[in-house]
Amino acid sequence: MTADKIKELVAQMTLEEKASMCSGGDFWHTEAVERLGIPASMVSDGPHGLRKQNEQGDHLGVNDSIKAVCFPAGCGTAASFNRELLTKMGETLGNECQAEGVSVILGPAVNIKRSPLCGRNFEYYSEDPLVASEMAGALIHGVQSRNVGTSIKHFLANNQETRRMSSDSRVDERTLHEIYLAAFEGAVKKEKPWTVMCSYNKINGTYAAQNHLYLTETLRNQWGFDGYVMSDWGAVNNRVEDLKAGLDLEMPGSLGVNDKLIVGAVLSGELDEGVVDETVEHILNIVFRYEENRDKNAVFDKDKDHEMARKVAEETIVLLKNDGVLPLSDQQKTAFIGKYAKSPRYQGGGSSHINSHKITSALEAAEGLNVTYAQGFDDKEDKTDDKLLAEAVETAKNADVAVIFAGLPDKFESEGFDRKHLAMPDCQNELIEKVAAVQPNTIVVLHNGSPVEMPWIDKVKGVVEAYLGGQAVGGAVCDILFGKVNPSAKLPETFPLRLEDNPSYLSYIGEGDVVEYREGIFVGYRYYDKKKMDVLFPFGYGLSYTTFEYSDLTVDKEQLKDTDTLKVSVNVTNTGSMAGKEVVQLYVADKESTVIRPVKELRDFAKVELAPGETKTVTFVLDKKAFAYYSVRIHDWHVESGEFDIMIGKSSRDIVLTKTVTVESTVKLPFVYTTDTTMGDVKRDPRAWAIVQDVLKGGFFGEKPEEPESSAASEAITDEMNTAMEEYLPLRGPISFTGKVTMADIQALVDKLNALEE
Ligand code: BGC
């Protein structure tokens, strides 16, 4: 429906009808206005499968939803670093929504993994905003290509579950832009999600739902968002203020209570009816976009989509350690140990929980192979069961190789609460230790949504991080274990050695409702790199069964302006004997900067598939953003002129090729002189320095004696100290030391400096 037609429709609606459109008709539908032919439009969770509730609705997965297909959760899909794959997964989800009459799927969820403790990290993509926004963009592209909407969530700075409905994320402007907004920005600008879901929390004192700065100024005005903003379920606190701030749809509806407030506010003159009209236009635009593009032929073929889920899972499994033990051969007598071999933990709890139509376990997938099984532990009690343990050790002893399926039980990580530590259950750690003691060829397969400590890492020969791989994970794990598929995923997050190493450790999860993001921009590898810290596994890390070599890193120019683009090419060769995929990572490092910056930042990545011996050229195009930081002086991205390293890496800790370019800024940051401006800063502009010297005649510290009175005096004041004293002396300093100038003189000097032409 055209914008004009929608306006006409809104003009025919009563104030009451318009107010009712601003909130859900029930838990999952927008309101219908039958007399005007406006249908109710259904939304459903998300993000990695369809959680469509037919009867009783709830937002925490308590009541049943229809049978559907559970794809790997965000923690895993991000590890694929494969945009095309996420787009295909999105197409499948979009098709399922068409078949089920769902207009918007509630995802992707892109919140940054500030701490490995966040209970919902399994749904989220990465500690890095580029990975989060690129993977989200790819998924959105796929879903929306089927004329179904997405709801990128949870906007904004919602990085913990503790007190999620009342906590106040205190984040500085630069950090918000470089890390937390950035996770949304690229996806919103490039892929235009139909809807955005605002989070429960406050941002610097204002609820996300009430935040005009982010909902309207940033999202709509700067990023060009043209859909509707919906609240997270129950995130509305002040309906009228929220509406003014840019929160369009309240979900679920407050059974009419808040609609009445809207009507009252319009009638009393507190709220401009035009705001209500615009809100309804935003909502109707999406309602009709879906209605007019219904695919009546769409079929939800669950078995077919299960196969798709398996394909996706194959690329989400990260090979973390392989001391020559993998891949396994069909001939080896293999012991599968651990409960998750038979009933995998493949998804997390809460609103994303899918009622899977079937589940493939690794044990089932290994049917016909020489595989034995022992349960090893029970995740109900989280206590070692001596009988199960003894059985497992015996089974491992009698095999050529033992594969232990371990990880985190549901009660360790879920929506609604945060983890307290990074440890796996003791009973599982003990199982791994005991099995490894009798079986030299021990491999651990992990099912978890967020990093765990691995106290046994040196005692096992292989570690496979399967994340929460969706309902088809068992097949995918077997394909990786037995070498039918070459692992190609990389960690989208750092696995620290200890929780205490994490940059947010000192301030996570805040004091009461106050959560200060004290680590600032130093999230994930940005911190570990700067601190030169050892980690268990770095960001971007993951092994393959083949080997890749990189060569011929070239740039199309060595000098450029920040308005130019830079083309970077590199050759990648598969030097092993198995076909495989490699994630080529491009980082940029500002070699010298007057602002505090990370050592390097991921600025692009590409996944390439290579046959043995094959070489492909990977090309990246970088623009200003690749070199920029967010300047709070101009409230915009800014490049500081100078040299930058373009680094190609196999991981954030394995940079294989580097090339240096010089970038010249076309934007001069405004400089305002004050009486506190230091002499050192004045010196940067020779014209200003000349004026200061002329007015103050050099001697900023008063007359110097010809000869120092004693050697003690000259020892106390070195040349270095003298230089530093002058460098950091504010313009007003000479008032105290020379007795020759007054504050009025210095103020006149400051005015003169500020009058200098740019
Ligand atoms: C979650 C959202 C979810 C919504 C609806 C909320 O509790 O935070 O991610 O989409 O419920 O189920």
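All ligand and atom numbering here is 1-based and tracks the order in the structure.
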Side chains of Asn121 and Ser450: any donor to acceptor distance under 3.5 Å?
yes
Run down the list Ile105, Leu106, Asp232 and name the one with the heavy atom closest to atom 8 (O) of ligand 1.
Asp232
Given 3.5 Å as the limit, does a donor-acceptor pair link the side chain of Glu161 with the main chain of Gly416, or not?
yes
Enumerate the atoms of ligand 1 whose separation from the nearest heavy atom of Trp28 is less than 4.0 angstrom.
5 (C), 12 (O)
Can you sort out which atoms of ligand 1 are near Arg51, meaning under 4.0 Å from one of its heavy atoms?
12 (O)
So if I count the atoms of ligand 1 from 1 in the order they appear, which ones are less than 4.0 Å from some heavy atom of His154?
2 (C), 8 (O), 9 (O)
Within 45° of the six-membered ring axis of Phe605 and under 6.0 Å from that ring's centre, is NZ or CZ of Arg83 located there?
yes
Pick from Arg120, Met197, Met251, Glu415: the one approaching atom 9 (O) of ligand 1 most closely through a non-hydrogen atom:
Arg120
Do any nitrogen or oxygen atoms of Lys153 come within less than 3.5 Å of a nitrogen or oxygen of ligand 1?
yes
Looking at Tyr517, Tyr214, Tyr124, which one forms a ring pair (Phe, Tyr, Trp, His ring centres under 6.0 Å) with Tyr180?
Tyr517
Using heavy-atom distances, let me know which of Asn158, Asp45, Asn111 sits nearest atom 3 (C) of ligand 1.
Asp45
Phe155 vs Phe184 aromatic rings, parallel, tilted or perpendicular, using cut-offs 30° and 60°?
perpendicular
By the definition side-chain hydrogen bond (donor to acceptor under 3.5 Å, both in side chains), identify the one residue from Glu173, Arg174, Glu178 that meets it with Tyr630.
Glu173
Give the atom numbers and elements of ligand 1 that come within less than 4.0 Å of a heavy atom of Arg164.
7 (O), 8 (O)
A student checking ligand 1 against Trp233 at a 4.0 Å heavy-atom cut-off should list atoms 4 (C), 5 (C), 11 (O)
Heavy atoms only, cut-off 4.0 Å: how does Met165 contact ligand 1, side chain, backbone, both, or neither?
neither
Pair Arg220 + Glu278, salt bridge at N-O below 4.0 Å
no
